[in-house]
Amino acid sequence: MEIKRDYYLDKLIKKENNQLIKIITGIRRCGKSYLLFNLFYNYLINKGIEEEHIIRIALDDRMNKELRNPDNMLQYVNEKITDTDLYYILIDEVQLMDEFEDVLNSFLHIENVDVYVTGSNSKFLSSDIITEFRGRGDEIRVYPLSFSEFMSVYDRDEMKGLDEYINYGGLPLVMSLKTKEEKIEYLNFQKDNVYINDVIERNSIKNDEELKILIEIISSSIGSLTNPSKLYRTFVSKGNKTISDKTISAYLKYLEEAFLIEKSKRYDVKGKKYIDTPSKYYFVDIGIRNSLINFRQLEKTHIMENIIYTELRKRSYNVDVGVVEKREVIENRKRSYKQLEIDFIANKGSDKYYIQSAYNIDDKDKKKQEIQSLLNIRDSFKKFVIVYDHFLKWQDDNGIIYMSIYDFLLNEDSLKV
């Protein structure tokens, strides 16, 4: 089963031979290696690049253990370059090589090479490495399968597909498993033996129980505003008073660096400024999130919000939580001010969209509640309400566009109406 990742493949093609190191990042098991070693490699072959001019090195392969030594790697590559034609260097899991920053910078001194690497853990995106490659690196962030990528190989209808996607997420290998039990077993294994252990080992966390409690709290409250102080109070309510809000803040950073979660900050629409705290956290893969809480709390309302967030991020939007102020005059003519929340403000270049996620708008009061924040925005950028249902896209008298979750997820240009 070949799953096309055309969105990312096109990104790599557009960055081809741009004199920068193409750095492919993302959560483990999301398909980075497949993108580089299969899809991009086949693209190069099909466009006429000779195999001898494509140097592929998988550093997680035991047979390439010697190439984890930086000097061995440089010697190996130099020996492969035998003419002045362009060579493509493809390296998987580059962080397994010692001093890989120096090696990659050395490749930039070779005029006839184009370099592509993958990496997936916190070490690979630490602040010093980002500084090291400033102006010389070009990051391509890869997410697990989007729903449209999922449906490209799914053999049943959209409704059944979305139900399965909501339960088991978009890790590519999940799709090759046939039964519910196999999918859950795979996700549980990845959660315990890859994702959590990776965070614990790389950050030398001694009290792993605290980290697991934090992950469970975050998993149980996706789409809720929170901060380290609020999370600390939750720990205390559970009888754990040994952890500090400073430690919680560090753990949240570790989870972000491991690509498990992403933080969405609050943005004051009228004041045009960020509000430091609280923020929202979303999971990069909903299947892993479900596994972290043993497939409990599978409420579609919050999961739908998480899926919309990751879809926007996959489409390269910066995504914030919006805050807009509503003024009201009460009986004694005193003014009151109420803050209303916009689920998402999606920005990319000059494009900006305001988006509400609503499981349903079946009754008048529910609809009024969902659009209240949108009605208080005074600029002319497009406003959407995405609903978990099948219906034709339509626009009300206020200019608000109502869209089915299926239309939004299955059409990458769904917001460009």
Side-chain angles (χ1 to χ4, degrees), residues 144 146-148 150-151 154 156-170 218-226 261-262 264 266 280-290 292-293 295-315 317 319-324 339-346 353-377 382-396 398 400-411 414-415 417:
S146 66
F147 183 58
S148 62
F150 175 93
M151 286 303 301
Y154 187 70
R156 303 174 74 181
D157 64 55
E158 295 171 0
M159 294 180 69
K160 289 184 174 64
L162 189 55
D163 282 340
E164 186 157 328
Y165 189 74
I166 280 173
N167 283 316
Y168 309 116
I218 296 294
S219 302
S220 300
S221 57
I222 51 174
S224 299
L225 290 167
T226 192
I261 63 173
E262 289 192 7
S264 186
R266 297 173 84 204
K280 290 188 177 184
Y281 291 90
Y282 294 100
F283 280 80
V284 169
D285 182 73
I286 205 66
I288 290 297
R289 176 265 180 184
N290 294 340
L292 289 165
I293 52 173
F295 292 87
R296 295 177 281 106
Q297 295 179 272
L298 299 184
E299 66 292 333
K300 290 181 178 178
T301 306
H302 295 140
I303 291 177
M304 173 182 168
E305 186 176 329
N306 199 129
I307 288 173
I308 291 172
Y309 173 86
T310 52
E311 178 66 24
L312 290 168
R313 293 290 294 126
K314 180 257 180 181
R315 296 181 191 180
Y317 287 98
V319 184
D320 301 316
V321 178
V323 177
V324 63
Q339 284 192 336
L340 304 175
E341 183 179 296
I342 306 157
D343 287 334
F344 304 117
I345 305 176
Y353 305 101
Y354 298 104
I355 300 169
Q356 289 292 90
S357 170
Y359 184 71
N360 67 68
I361 47 172
D362 293 341
D363 60 72
K364 188 175 180 180
D365 290 339
K366 178 65 176 174
K367 180 182 174 183
K368 182 179 179 181
Q369 177 186 338
E370 291 294 346
I371 68 173
Q372 192 175 179
S373 59
L374 299 179
L375 293 175
N376 281 273
I377 301 170
K382 291 177 183 175
K383 305 168 183 67
F384 292 85
V385 177
I386 299 176
V387 182
Y388 193 99
D389 200 357
H390 266 107
F391 59 80
L392 293 176
K393 188 187 303 181
W394 62 282
Q395 183 171 320
D396 67 15
N398 297 301
I400 297 172
I401 301 166
Y402 298 79
M403 180 186 300
S404 160
I405 184 69
Y406 298 94
D407 287 342
F408 170 70
L409 294 175
L410 292 172
N411 178 7
S414 55
L415 298 180
V417 293

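Quick note: numbers below take in every heavy atom, side chains included, and nothing from hydrogens, waters or symmetry partners.
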Can you find a pair of side-chain heavy atoms, one from [X] and one from [Y], that are under 4.5 Å apart?
X      : Y      : value
Trp394 : Ile401 : no
Ile166 : Tyr388 : yes
Leu374 : Gln356 : yes
Ile345 : Ile355 : no
Ser404 : Asp389 : no
Ile218 : Phe283 : yes

Task: Test side chain to side chain contact (heavy atoms under 4.5 Å, CB included) applied to Asp163 and Lys300, step by step - done: CA-CA 9 Å; Asp163 282 340; Lys300 290 181 178 178; 3.2 Å; yes

TODO: Could you go through the side chain to side chain contact (heavy atoms under 4.5 Å, CB included) check for Met151 and Leu410 one step at a time?
DONE: CA-CA 8 Å; Met151 286 303 301; Leu410 292 172; 4.0 Å; yes

Side-chain donor or acceptor of [X] paired with backbone N/O of [Y] under 3.5 Å:
X      : Y      : value
Arg289 : Ser219 : yes
Asn398 : Ile400 : no
Thr310 : Val284 : no
Asp320 : Gly322 : no

In Å and rounded to the nearest 0.5 Å, what is the [atom1] to [atom2] distance from [X] to [Y]?
X      : Y      : atom1 : atom2 : value
Tyr406 : Ser148 : OH    : OG    : 14.5 Å
Asn306 : Ser357 : CG    : OG    : 10.0 Å
Lys366 : Ile361 : NZ    : CD1   : 10.0 Å
Ile405 : Phe391 : CD1   : CZ    : 10.0 Å

Return yes if a side-chain donor-acceptor contact under 3.5 Å exists between [X] and [Y], otherwise no.
X      : Y      : value
Thr226 : Ser224 : no
Tyr309 : Glu262 : yes
Tyr168 : Asn290 : no

Open item on the list: Assess the residue pair Asp396 and Tyr402 against the criterion (side-chain hydrogen bond (donor to acceptor under 3.5 Å, both in side chains)); give the C-alpha distance rounded to whole Å, side-chain angles, the decisive distance to 0.1 Å, and a yes or no.
Closed with: CA-CA 8 Å; Asp396 67 15; Tyr402 298 79; 2.8 Å; yes

- [ ] Sort out for me which residue in Tyr317, Tyr282, Phe384 forms a ring pair (Phe, Tyr, Trp, His ring centres under 6.0 Å) with Phe344.
- [x] Tyr282

TODO: Using the ring of Phe408 (Phe, Tyr or Trp, six-membered ring only), decide whether Arg315 places NZ or CZ under 6.0 Å from its centre and within 45 degrees of its axis.
DONE: yes

TODO: Could you go through the salt bridge (charged side-chain N to carboxylate O under 4.0 Å, His left out) check for Glu370 and Lys383 one step at a time?
DONE: CA-CA 12 Å; Glu370 291 294 346; Lys383 305 168 183 67; over 6 Å; no

Open item on the list: Salt bridge or not between Glu305 and Lys280? Use side-chain N to carboxylate O under 4.0 Å.
Closed with: yes

Open item on the list: With a 4.0 Å cut-off on N to O distance, would you call Glu164 and Lys160 a salt bridge?
Closed with: no

Open item on the list: Does Leu340 form a side chain to side chain contact (heavy atoms under 4.5 Å, CB included) with Val323? I'd like the steps, not just the answer.
Closed with: CA-CA 6 Å; Leu340 304 175; Val323 177; over 6 Å; no

Open item on the list: Testing the basics here: between Ser264 and Val319, what is the closest heavy-atom pair and its distance to 0.1 Å?
Closed with: OG-O, 3.0 Å

